[in-house]
2 protein chains.
Amino acid sequence: MIRVLIADDEAMIRSALAALLRLEDDIEVVAECADGAQAVIMAGKLQPDICLLDLEMPELDGVQVADRLRSTGSATRCVVVTRHARPGVLRRALASGVLGFLPKSRSANEVAEVIRRVAAGARYIDPEIAADALSEERSPLTERELDVLRAGRRGESTVQIARALNLAAGTVRNYISAILAKLNVATRQQAVLLAEERGWI
Amino acid sequence: MIRVLIADDEAMIRSALAALLRLEDDIEVVAECADGAQAVIMAGKLQPDICLLDLEMPELDGVQVADRLRSTGSATRCVVVTRHARPGVLRRALASGVLGFLPKSRSANEVAEVIRRVAAGARYIDPEIAADALSEERSPLTERELDVLRAGRRGESTVQIARALNLAAGTVRNYISAILAKLNVATRQQAVLLAEERGWI
DNA sequence: TTCAGGTAATGACATTTGTCATCCCCGTAT
DNA sequence: ATACGGGGATGACAAATGTCATTACCTGAA
């Protein structure tokens, strides 16, 4: 019997996956969690074989949960599912010891198979994302430039960003100018959209 | 037998819901669609009793699909499920003839029950959202102002928005100025964020 | 009929952004 | 040692954006 913990903040998909996995006779769903913090606690208590973690969750995201579990020395193996499977995210996930990586664009009945493989000791990385990850370039922006972009992601003005980062307004303008040039877009908002899409911020 | 069409751009939840509904012996899943445009076509061909529509989809969103189906005189009844159930969205949905409204924060096994009720001629609106909708204020913006906001939601320039709507650039600036004043924010991006949060666009 | 409100446009103006050249400081790889 | 890149800053300039007053047309309610 493979003992599985499921964490996803969206109750509908969490319960749907749990119901489907319960139909498999070699899988037992031992916990359903609505956020990352809860997942860490329950995983510690129950020591499941597999944690099926959604990436997008409040408190702690799926990768952070995997990171915590690994650092506590837990033997639990983590599978991460995500809505927007960007190569950058895959890199983060692998660095945190995640063994399975599956975008939500795959069918639900593949989940059981991935769980079995990972439980058996193998790794499963969605082939499409893996291919992307090899080709797609990482962010061309420097750390500081990303800071500026993050600080301005909600349409904040130059001065507000400057205040938030303890910089001069002109410096912020320079950074933004560099960002726009590197990303080849015309406005901050487009830069933010692009960076969010690519998983850089 | 209740004949159901499912449309959701996320394959995992789409296939999971389909699989669960297939377990019910009074429900038959006749189609699975990955976007709104496809849903309209298939619904036209198959004339299902119920369309289970995700709100967030490319091409046409769930409410737009319901709108189209109604305007073609189809007898199909629409149930909309959504990730972010804002009162504004519920209002839009009801105006488009949607009969069932269910946030994804509900459990998957409630879906079958809602489908049965709607198929039987009743309406089902998630009680929590319904309560919110009564309290929350509607958009203070005019139709045209919303058009402008929508046209500029990706950081488009004034000229681009103007071209898209066949307006003079100055007119667009006026509209935006009015929007910012009404919403009491300083930049377009903040206006877009606020309007999206409130479900106005 | 009058009036309010939505739509559409101009022109003038102040501010904010984006661009560019130039400077300084620092750490590190050559 | 020195050249290079990143972080931080200034000043100047052009373009885009936001503000305001004013005008005009149309529609529906009082």
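So you know, we letter chains A, B, ... as the sequences are listed, proteins then strands, and number each from 1. This is a predicted model, so every value here is computed, not measured.
- Within a 6.0 Å sphere centred on CZ of B/Arg68, heavy atoms belonging to other residues, nucleotides or ligands number 12 at most.
- Put simply, CD1 on A/Ile161 is 14 Å from P on D/dA9, counting in whole angstrom units.
- Proximity note for B/Glu143 (side chain, C-beta onward) versus C/dT7, D/dT19, D/dG7: the nearest is C/dT7.
- Between A/Leu165 atom CG and D/dG6 atom C1' there is a gap of 16 Å when expressed in whole angstrom units.
- Separating the CD1 atom of A/Ile179 from the P atom of D/dG7 is a distance of 11 Å, rounded to the nearest angstrom.
- Considering only the side chain of A/Arg144, D/dG7 comes nearest among C/dT17, D/dG7, C/dT19.
- Residue contacts shown for A/Ser177 include a base, since a base heavy atom lies under 4.0 Å away.
- With DNA chain C read from its 5' end, the first of the two nearest nucleotides for A/Glu156 and B/Thr142 is the one closest to B/Thr142.
- A 6.0 Å sphere centred on CZ of A/Arg22 holds more than 12 heavy atoms belonging to other residues, nucleotides or ligands.
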Return the polar atom pairs (N/O with N/O) between nucleotides 9-11 of chain C and the protein under 3.5 Å, or none.
unit_1 : atom_1 : unit_2   : atom_2 : d
C/dA9  : OP2    : B/Ala168 : N      : 3.0
C/dA9  : OP2    : B/Thr171 : OG1    : 3.2
C/dA9  : N6     : B/Asn174 : ND2    : 3.4
C/dT10 : O4     : B/Asn174 : ND2    : 2.7

>> Run B/Glu196 and B/Arg154 through salt bridge (Lys or Arg N to Asp or Glu O under 4.0 Å) and show every step you take.
In response: CA-CA 12 Å; B/Glu196 280 177 344; B/Arg154 315 235 149 235; over 6 Å; no
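- The terminal axes of the helix from C/dT1-D/dA30 to C/dT30-D/dA1, fitted over 5 pairs per end, subtend an angle of 20° to the nearest 10°.
- Rounded to a whole Å, the OH atom of B/Tyr175 is 18 Å from the C1' atom of D/dT17.
- One finds a salt bridge joining A/Glu143 and A/Arg150 here, because a Lys/Arg side-chain nitrogen approaches an Asp/Glu carboxylate oxygen to under 4.0 Å.
- Computed from coordinates, the A/Glu145 CD to D/dG5 P distance equals 14 Å when rounded to whole Å.
- Atom CD of B/Gln160 and atom P of D/dA16 are 11 Å apart (whole Å).
- For B/Arg144, the side-chain hydrogen bond (donor to acceptor under 3.5 Å, both in side chains) criterion is met by B/Asp147, not counting sequence neighbours.
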